[in-house]
Structure formats: C-alpha cells, structure tokens
Amino acid sequence: VWLGHPEKREQRYPKNVINNQKYNFFTFLPGVLFNQFKYFFNLYFLLLACSQFVEELRLGALYTYWVPLGLVLFITIAREAIEEIRCYLRDKEVNSQIYSKLSTRGTVVGVVIYTGKELRSVMNTSNPRHKVGLFDLEVNCLTKILFGALVVVSLVMVALQHFAGRWYLQIFRFLLLFSHIVPISLRVNLDMGKMVFSWMIKRDSKIPGTVVRASTIPEQLGRISYLLTDKTGTLTQNEMVFRRLHLGTVAYGMDSMDEVQSHIFSAYTQPTHDLPASRTPAATKVRKTISSRVHEAVKAIALVHNVTPVYESNGVTDQAEAEQHYEDTCRVYQASSPDEVSLVQWTESVGLTLVGRDQSSMQLRTPTGQIMNFTILQIFPFTYESKRMGIIVRDESAGEITFYMKGADMVMAGIVQYNDWLEEECGNMAREGLRVLVVAKKSLTEEQYQDFEARYVQAKLSVHDRSLKVATVIESLEMEMELLCLTGVEDQLQTDVRPTLEILRNAGIKVWMLTGDKLETATCTAKNAHLITRSQDIHIFRPVTTRGEAHLELNAFRRKHDCALVISGDSLEVCLKYYEYEFMELACQCPAVVCCRCTPTQKAQIVRLLQERTGKLTCAVGDGGNDVSMIQEADCGVGVEGKEGKQASLAADFSVTQFKHLGRLLMVHGRNSYKRAAALSQFVIHRSLCISTMQAVFSSVFYFASVPLYQGFLIIGYSTVYTMFPVFSLVLDKDVKSEVAMLYPELYKDLLKGRPLSFKTFLIWVLISIYQGSIIMYGALLLFESEFVHIVAISFTSLILTELLMVALTVQTWHWFMIVAELLSLACYIASLVFLHEFIDIYFITTVSFLWKVTAITLVSCLPLYILKYLRRRFSPPNYSKLTT
C-alpha cells in the first residue's frame, strides 16, 4: 500500500476472497456430468438408454430406460447445485466480514498487506477436490462384476441357440433384456440415503452446530483408521491460563494467588524501617525475604516480554484519553505469543500492571497507583534455536540496570547459578501439563553495561561471522544469573478431549497429532490429553540433518516396541527424503505419533503418505487456515470452528463446534451410515437379481427367446412404487442404540475390516436372489393352468410379496416409517391391479386358486431364510446382539 504516491493507487492486487467452490457457473453442468459418467456404472446406463433408439434393439417403450436415467441425473445435479449454492453463500458471508484492524503507536511509514492468492495461508492450501468415497468405489467394483455376469448370461443364451441367424443382434437384445442385473436404482437410492444420513447428523441435538458440507461421503466416517489432528485450538482452547509460580522453597497455585497479591502490596506500601514491634526479628526476616523474592519474581515477569498494551475507545472514554490515564477498561494486550499475554495479565491480577510501552521505554503501575518508568536498553528476542529471550532495562527511579531473562528449562539450567531444585520442579510441572519458563536476573553496574554495549555494537558491525560474534557477546552476560522463579502456564484442553481420545483409541483408530508448536509443548499436551498414556514409553526422535544420521536414528527407533513417537518437522523431512518406506512402516506401528514444528504442506504430505502406504481411510481435524491443506487431502476433513476463524470449517467436509463431538460423529453416525448404506446397496442388488433370474428362467423354458417377461409399467413399478419405500426405509435401520455405540467403541473396530459390504456378503445375496428368483418362476410355471397371463400374475405378485418379506427379514430395529412403507407399498400394488388389465387377468386374481398358489410360492421362497436367520442368531450371534439382549 503506497502512502503519498497517488499515481500508484491504480495498481491492481489479487482479490482478497475465500473460494471453496468446486465449480463456477460455466463449469457446473459439464463438471457434474463428467464426474457422473466417468464411472462405469452411469456410463453403462447412458449407453443402454441410447441403444433404444436403434429399432432392432428396442425391447419396449423408450420411457422404461430414459425415465430412470433422467431421475438419477436430476437428483445428482440438484444435490450438487444445493451444495454449491450453500458453499457460495458461506464464502460470501466470510468475505463480507471486515477482519483487519490496525492499531499502533508512533508514526506509520508504510503498511505491507498481502491479499488473495499472495496470502501465505492460501499458498499453503490446495484447490478443493471432488472426493469419492471408498464405499462408492467398492459399489462400482461390484457393478463391474454384475456387468461381467450379464455378458456371460447373454453369451450362454445365444450359445444355447447355437449362434443361429443374426446372433450378434441377439447378444445385444439379451444384454438389454438382462440389463436389470446391473440396477440403475442403486445410484439413486445411495445418493438419497446419503442425504438422509447428512440430515440426521445436522439434526442430532447431542452434537449441535454440526454441518455436513460434503453429503456424498458420510459413510466414510464409519471406516476411519487414522485420525490426524492439529493441537492449538483443536485439542486445546487456545487460551493460556497462568497456573503456578514456583520460587524453589515455596510454590503458589491458583488457590494461593491472594498471598502473592498481599506480598506485592506490602512491597510497595510498607517502608523497610517501619516494623511492627510485636514480631520477633527472625520471623520478620523470613517474611521479608519471601516478600522481596515474590516481588522480584513478579517484577521480572512484568518486564521480560514483547507485549504492548494498546488502548481502544469503549464508548465512554475515547482512545487518547484512555491512553493518557491508562484506563484499565480500555486496555488490550498485543503480542505474538498468547503465553506472554497470559503472564502479563497475571502480573496485572496480582497488582503490578504493564500500562505503557514503546520502542525505548516501559511503564508499570504499582498497587498504590504509582507509575514506575523503565528504559529499554537492549532486547534479545526469542528464537527457536536459543529457546530464550532477554531484556536489559534501567529503573529510572533508582538508576539500577538489570538484565532479565526467561527461557526453556533445558537452556536456562546452564545459565543460572547452581541450585538443587530446578530440574526436579520443572519435571513435576511438565508432568502436570504446564508449559514451564525459567526466569532469572543479573544486576549490572554502569561500567559493566557500557563495556557490554561497546562489544555488542562492535559485533553487530562485523562483516564475517556476525551472528556468531553477536551470540558470543550476549553469552558473556548469560553466566551465573540469579534464579528468580519458574512460571507454569496451561493451554487448557477443550472439554472432554481425554474421553473422546480414549473412545477413538478403543475403536481401533490411531491418532496422530500434527502441530506447528515446539517439541516440549506438543509432548506436554499429548500427555495431558492422554494421547500418550501414562504406561507408554515415548521415543523422541533426535534432530537429524543427513542420511547417515537418519539411518542411525531409525535403527534406534526400530529397537523400541509399542512406544509413542515424537518427531520434529525438519527430521521428518530428512527421513521422508531418504527412508520414506522404512519410516512410514515404523510410524504406522506406533500407538500414537506427535509431529511438531510441522508446516501446512508437511501436514498434507503425511496424510497423503498414510493413504498410499496403508490403503486405510484417514480423517484430518483442524481449526485454522494452516490446517486447510491437510483437511482437503484427507478422506474425511473435519473443521472445528475456533478462534482462528472459519477457514478450516468452511473448507472441510464436516464442521463441528467442539472436538468432543467427533466421538459421536464417528461412533454413531459414521457407523450407522456405513452399515445402512451397505444394507441398502445389497438389497437393491438383490431386488434386481431376483427379477433377472426370473427372466433367465423364463427365456430358457421358452427356447431361449429374447422376449421380456414383464413389460411397460410392471417393470418400472417394480423398482419404484411397489418396493421403493420399504427398501429405502432401511436407511433408518440400526443394530444398537446410539448410547450403546458410544459405550462400546469396540463395535466400530469391526467395521474397519469392511465386512458389511464385502465379496462374501455380496455372494450370499447373489445366491439368495438366484434361489428366490428360480423358486418363484418355476413355481409359477408349475402351478399355472391355462393362460400365459396367469404366469405373469402369479410370479409378479409372489415377487412383490417376497421383496416386502425380505425387507422385514433384514430390518434389525423397527421404525414406524418402515411399517407404513410396507403397508403403503402393498396397498399401492393392490390398488394398481385395476389399471393393469393388459398385463394381469383381474378375474383370476380374485380366485382362491390364485391366492393359495401365491402363498405357497412365497412361503417356499422366504421361509427357509427366516429359519436360517433364527438358527444363526441362536448359535452364532453377532457382537452387537450380545449387547442389546
């Protein structure tokens, strides 16, 4: 942004907008159609419908092929359009918000603002991709098998005719005749089922505020093997709270902060010579020592930081007035680290308030309202390498120069004077999940400081090895410093993070924590959240930079068993560069993995490698813009609406308001969606195979003629009004109550093997279909008396009744809608018989002969399956049935 250069005002910058849409106005229809027809399933039906324009291949009315296909496409396009419109409105809402508010003291020289595609968070994210569920791919695979069966049956029929006449045309006619082997209604039922699953997730009062942004993949939530989560704002609240002040001989927790307050108050109100006569000199000396030590510690914490107090108008007081009078209600602390803000807020709560700061000075207010001025002589900022920060200040009232420093215990242990408590107490506080900082000071004479400053300036002017020389000069001060205190700050965990992680672990899901935070903090949070249990060993992967070091460290890691891994982003990059396969193999065996100092690109890379190496489904959870690439890469992306804005939740497939909602989302909704989708798809396949088996039996009995058994409305009505509602009602079925699913997450583990929809279950349903189709058709052929119309009436009625009874057999928990659907379908069929006189003899269906024949055939087709189900439940019950009885 140019200031004072009006001629450069016309310069164009990238538009500062968020866009999570998959399509735009022009690419929507081509994109949706391409995504539909790139799958074998839909392409097959398109070719089938087109073939009906060829006269020699036409088997019936055009609408019998084009209406179902049109319905499938209409539902798909409508669903995608609704999702795109919702996405557009969400993006519009976020883009209309004004984010940035600059507040500063001093003169503005210039402002550098990145917009649009030049934003770092945008550069770290990839374009949203069209996610296709593993379940859809499995169904696609089954339809290919069914298509293979269709081709084989057609060839067999023509072969049995000894390839007579124009046999190649006969092959095509048989392909069309048996086209029901591959059910077109499968896609519609699954898409509508997924919309119901998504609606159920949104309506669940136990997980309020949950939004489903990708209604095509809710069943994916039922098969997650790896959960990758961010730390700050996802597992934690991103709210730092001061918990502990430790002086070595005495420690102050949250319940004893009033003592600290009284020590500070007495330090500024009691003159040193005015001692109460009643006290003995010894007691006074001890009390004074503690008081002065507390005062020194709090003063150090109030001075050694990079926090700036900023004043804003609050409606009553304007900004200038608030700044002039240091108005408490208008003050806001600004800093790059929330840890630092929490420390300064704590010193304010005990009586020593940071009220002003600029580049060269700092002002503190005492409990008596007196303002203490400090001149900032030098600042040594915190770096990842040094793990500490320092400041040299001059107290203007006393003229004393003091060097204050705070940093990580590992570094500070070698800087402070010898003591016997630092290491032990740091360990104790870290085990409580606190982020520990060590605070120390060193008093300097004017001569010592002038000598240091001369050397420091000289080092900064060096041409060679400048940073090394500067560090050496600073280190000359960092010796024999007086240890003042330890501070313990806690980034509070979100509610119920521990039980949620335990549920996920018991469900067989491995949790990896990927964070940009430093190693100590990440490890500390992982222990605190029980991501790493108390009984587990931790292997901290040493920093490696070369191939040789990585090799040695991997060998050391290989010797460990059942231990959690903690690794930094830099070391991870080296390992993936040289030993990708070996590292991933070892990491996947760990019960938990913590990756610290991870870049957004690395997070996405880890997700991708897990998918490639294990072939298992991954779920990524995050709350900030730096998690978007990981969320978009994962099979299921979950965004947590947090303090870092809505970027993650807008880009995610599912959005939750709290991490704890993830347990119910996976254990209840994920499990139910997957099991229901599996039951629904297999039942639709069974429904189609039944009628195809009957067609095959019919054709073979009548000399392999390519004549349809059922025509016109019968064929469309079979898969719509007569059976659609009962079959679709399976989306409401459930094997256990949601409370049981949450109480026994081990039930979820069974789904990871993919048993609800496998080649085994598919084969069982195929055999059931062949058995029932054959029984109905042969039964009708055996029992019919005179006219062909009677075969149609007996077989079609038996078929409808069989389907309704099979739905009843499949249901595990009855819902009122299921009963209504069964009765409604039966009523629709009986009512429609009046209009179907061209296919069915109305007088025949009212006779006793018709009724007993239909009853006998239906019983033979269904009763054995009911008996088998009873025996299986009796002698080999599934896991969930043991919990419900």
Side-chain angles (χ1 to χ4, degrees), residues 142 145 222 671-672 674-694 697 723 726-727 729-737 740-741 743-744 746-780 782 795 797-815 818-819 821-823 825-826 852-885:
L142 294 182
I145 294 169
R671 186 173 179 277
N672 283 346
Y674 176 41
K675 292 203 80 165
R676 288 163 172 170
L680 180 64
S681 57
Q682 290 177 134
F683 208 93
V684 172
I685 289 170
H686 160 264
R687 183 174 68 183
S688 299
L689 282 177
C690 260
I691 200 166
S692 301
T693 304
M694 290 168 69
V697 171
T723 60
V727 171
S729 71
L730 290 172
V731 300
L732 301 171
D733 194 18
K734 59 181 176 186
D735 51 3
V736 293
K737 289 179 179 174
V740 175
L743 196 58
Y744 298 98
E746 293 78 9
L747 289 171
Y748 186 91
K749 203 183 283 188
D750 289 348
L751 304 190
L752 301 181
K753 296 162 187 164
R755 284 177 181 162
L757 181 75
S758 61
F759 287 119
K760 181 185 171 185
T761 58
F762 171 67
L763 191 62
I764 289 168
W765 276 104
V766 168
L767 293 173
I768 290 170
S769 307
I770 292 170
Y771 165 74
Q772 290 186 323
S774 304
I775 289 291
I776 294 167
M777 199 64 238
Y778 279 119
L782 278 171
S795 65
T797 308
S798 300
L799 178 62
I800 298 294
L801 290 174
T802 297
E803 285 303 317
L804 298 181
L805 286 169
M806 284 304 290
V807 169
L809 177 71
T810 309
V811 168
Q812 287 161 334
T813 308
W814 282 91
H815 186 278
M818 295 172 175
I819 299 164
E822 292 264 314
L823 295 173
S825 296
L826 192 60
W852 80 258
K853 285 171 184 174
V854 166
T855 307
I857 291 168
T858 309
L859 277 175
V860 174
S861 76
C862 294
L863 196 60
L865 296 170
Y866 271 83
I867 294 165
L868 281 171
K869 182 184 178 181
Y870 171 77
L871 292 172
R872 184 162 174 258
R873 274 293 178 98
R874 187 89 174 76
F875 299 109
S876 177
N879 288 341
Y880 59 81
S881 66
K882 296 169 190 171
L883 300 174
T884 51
T885 51

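Computed from a prediction, not measured in an experiment: that's the story for all the values here.
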* What's the shortest heavy-atom distance between Thr810 and Phe683, and which atoms? -> OG1-CE1, 3.3 Å

* If only atom types and distance count, is the side chain of Ser692 paired as donor or acceptor with the main-chain N or O of Ser688 below 3.5 Å? -> yes

* **Closest heavy-atom pair and its distance - Ile776, Ser795** => CG2-O, 3.5 Å

* **Enclosure of Tyr771 OH (heavy-atom neighbours >12, cutoff 6.0 Å)** => yes

* Please step through side chain to side chain contact (heavy atoms under 4.5 Å, CB included) for the pair Cys862 and Gln772, ending with a clear verdict. => CA-CA 8 Å; Cys862 294; Gln772 290 186 323; 4.1 Å; yes

* To do: To the nearest 0.5 Å, tell me how far Ile857 CD1 sits from Trp852 CH2.
  => 8.5 Å

* Distance in Å, Leu680 CG paired with Leu757 CG, rounded so as to fall on 0.5 Å steps -> 11.0 Å

* **Approximate separation, where rounding is to 0.5 Å, of Arg687 CZ and Thr802 OG1** => 14.0 Å

* To do: Take Met818 and Val807 through the side chain to side chain contact (heavy atoms under 4.5 Å, CB included) test and state the conclusion after the steps.
  => CA-CA 9 Å; Met818 295 172 175; Val807 169; over 6 Å; no

* Structure fact -> Of all heavy-atom pairs linking Phe759 and Ile145, the shortest is CE2-CD1, 3.3 Å

* **Heavy-atom check, side chain of Pro756 versus side chain of Thr761, under 4.5 Å** => no

* To do: Would you sort out whether Leu751 and Arg671 count as a side chain to side chain contact (heavy atoms under 4.5 Å, CB included), showing the intermediate values?
  => CA-CA 8 Å; Leu751 304 190; Arg671 186 173 179 277; 3.3 Å; yes

* About how many Å separate CG of Leu805 and CD of Glu822, when rounded to the nearest 0.5 Å? -> 7.5 Å

* Asked: Nearest 0.5 Å, what's the OG1-CG distance between Thr723 and Leu826?
  -> 12.5 Å

* Atom of Leu809, atom of Tyr866 and distance for their closest heavy-atom approach -> N-OH, 3.5 Å

* Asked: What pair of heavy atoms forms the shortest contact from Glu803 to Cys690, and how long is it?
  -> OE2-SG, 3.9 Å

* To do: Keeping the roles fixed (side chain from Thr813, backbone from Lys734), state whether a donor-acceptor pair exists under 3.5 Å.
  => yes

* Between Ser769 and Leu689, which heavy-atom pair has the shortest distance, and what is it? -> CB-CB, 3.5 Å

* Asked: In Å, rounded to the nearest 0.5 Å, how long is the span from CZ of Arg872 to CG of Leu865?
  -> 12.5 Å

